[in-house]
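Have a look at the structure below before the remarks.
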Amino acid sequence: MGIVIGPRVIDAGTSLLSVLISPVPVAAGYPSPAQDYFDGRIDLNEHLIQDITSTYIVRVSGDSMEGAGISDGDELIVNRALDPKDGSVVIAVLDGELTIKRLRVTASGVVLQADNPRYPDIRVPALADLVIWGVATRCLHHV
């Protein structure tokens, strides 16, 4: 089961990074001679975060979401202001336990689904204490 290790809050006005941006896409095949320069800086907050006051980052522990491209050690950008929907990757607290799973809303109830066949679905009992902390919007994957 993927476990969340403490959210890091992104304070309003705090920049994640201001990094250089290439003016052309970078080929994964043969290099292009037009890629010898950069075209200024880009603020990653503008591209990765919709609402900085409702956003935090969590580090992933475990491999239960590998099928969704989320690996052990990755960091997820999570927005608390978004409404979780069927199919959303969410940070959930089920009976006091934090987990990252895909939310499934079915006719028979709520299911927290791993994106790894080695992990069973978690069917949320009607009397369980389930809180959705937020919806994952981006995965910062380490290479």
Side-chain angles (χ1 to χ4, degrees), residues 1-29 31-32 34-126 128-143:
M1 187 181 319
I3 303 297
V4 177
I5 301 174
R8 277 190 281 163
V9 175
I10 301 172
D11 295 322
T14 301
S15 177
L16 281 178
L17 288 176
S18 175
V19 296
L20 291 172
I21 183 169
S22 172
V24 295
V26 177
S32 165
Q35 296 171 358
D36 292 339
Y37 64 93
F38 286 88
D39 195 32
R41 295 198 174 271
I42 184 172
D43 183 355
L44 292 178
N45 288 321
E46 293 176 20
H47 294 278
L48 300 178
I49 298 175
Q50 296 170 347
D51 179 1
I52 198 159
T53 61
S54 301
T55 301
Y56 63 95
I57 294 176
V58 296
R59 179 164 292 133
V60 177
S61 175
D63 62 355
S64 72
M65 295 302 290
E66 280 185 347
I70 301 171
S71 300
D72 184 55
D74 287 352
E75 291 160 333
L76 296 179
I77 297 177
V78 180
N79 188 333
R80 291 189 62 124
L82 295 177
D83 289 327
K85 297 180 173 117
D86 181 57
S88 296
V89 174
V90 298
I91 309 305
V93 183
L94 178 60
D95 293 330
E97 298 286 327
L98 277 166
T99 188
I100 300 167
K101 294 289 181 276
R102 190 168 301 279
L103 179 67
R104 293 295 181 195
V105 181
T106 68
S108 61
V110 175
V111 176
L112 297 174
Q113 182 182 55
D115 275 346
N116 184 330
R118 294 194 324 246
Y119 295 85
D121 291 347
I122 301 170
R123 299 201 180 280
V124 180
D129 184 23
L130 175 66
V131 177
I132 303 298
W133 268 17
V135 176
T137 58
R138 297 277 192 262
C139 178
L140 306 176
H141 185 71
H142 296 265
V143 292

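The two residues Ala114 and Ser64 come nearest to each other via the heavy atoms CB-O, 3.4 Å. Contact record, His141 with Ser71: CE1-OG, 3.2 Å, taken as the closest heavy-atom pair. Closest heavy-atom contact between Ala68 and Asp115: CB-OD2, 3.1 Å. The two residues Tyr56 and Arg80 have their closest heavy-atom pair at CE2-CG, 3.3 Å. Across Gly69 and Asp74, no two heavy atoms sit closer than the pair O-OD2, 3.8 Å.
Among the candidates Leu98, Leu76, Ile77, the single residue satisfying the side chain to side chain contact (heavy atoms under 4.5 Å, CB included) test with Val58 is Leu76.
When side chains are defined from C-beta on, Asp63 counts as touching Arg118, because their heavy atoms get closer than 4.5 Å. In this structure, Val135 and Asn79 have side chains that are not in contact, with every pair of non-hydrogen atoms separated by 4.5 Å or more. Side-chain atoms of Ser61 and Asp72, non-hydrogen and from C-beta on, do get closer than 4.5 Å to each other.
For the atom pair Thr99 OG1 and Met65 CE, the distance stands at 8.5 Å (nearest 0.5 Å). Taken to the nearest 0.5 Å, the CD1 atom of Ile91 stands 9.5 Å off from the CD1 atom of Ile132. With rounding to the nearest 0.5 angstrom, the CD1 atom of Ile49 is 6.0 Å from the CD1 atom of Ile57. The distance from the CZ atom of Arg59 to the CG atom of Leu140 is 10.5 Å, given to the nearest 0.5 Å. For the atom pair Arg138 CZ and Thr55 OG1, the distance stands at 11.0 Å (nearest 0.5 Å).
A donor-acceptor contact shorter than 3.5 Å is absent between the side chain of Asn116 and the backbone of Gly67. A side-chain donor-acceptor contact under 3.5 Å links Asp51 to the backbone of Thr53.
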Taking distance alone, no hydrogens or angles, what donor-acceptor pairs closer than 3.5 Å link side-chain atoms of residues 103-112 to residues at least two apart or in another chain?
from: Arg104; atom 1: NE; to: Gln113; atom 2: OE1; distance (Å): 3.0
from: Thr106; atom 1: OG1; to: Ser108; atom 2: N; distance (Å): 3.3
from: Thr106; atom 1: OG1; to: Ser108; atom 2: OG; distance (Å): 3.2
from: Thr106; atom 1: OG1; to: Gly109; atom 2: N; distance (Å): 3.2
from: Thr106; atom 1: OG1; to: Gly109; atom 2: O; distance (Å): 2.7

Please lay out, stage by stage, how Lys101 and Leu94 fare under the test side-chain contact (heavy atoms from CB on, under 4.5 Å). CA-CA 11 Å; Lys101 294 289 181 276; Leu94 178 60; over 6 Å; no
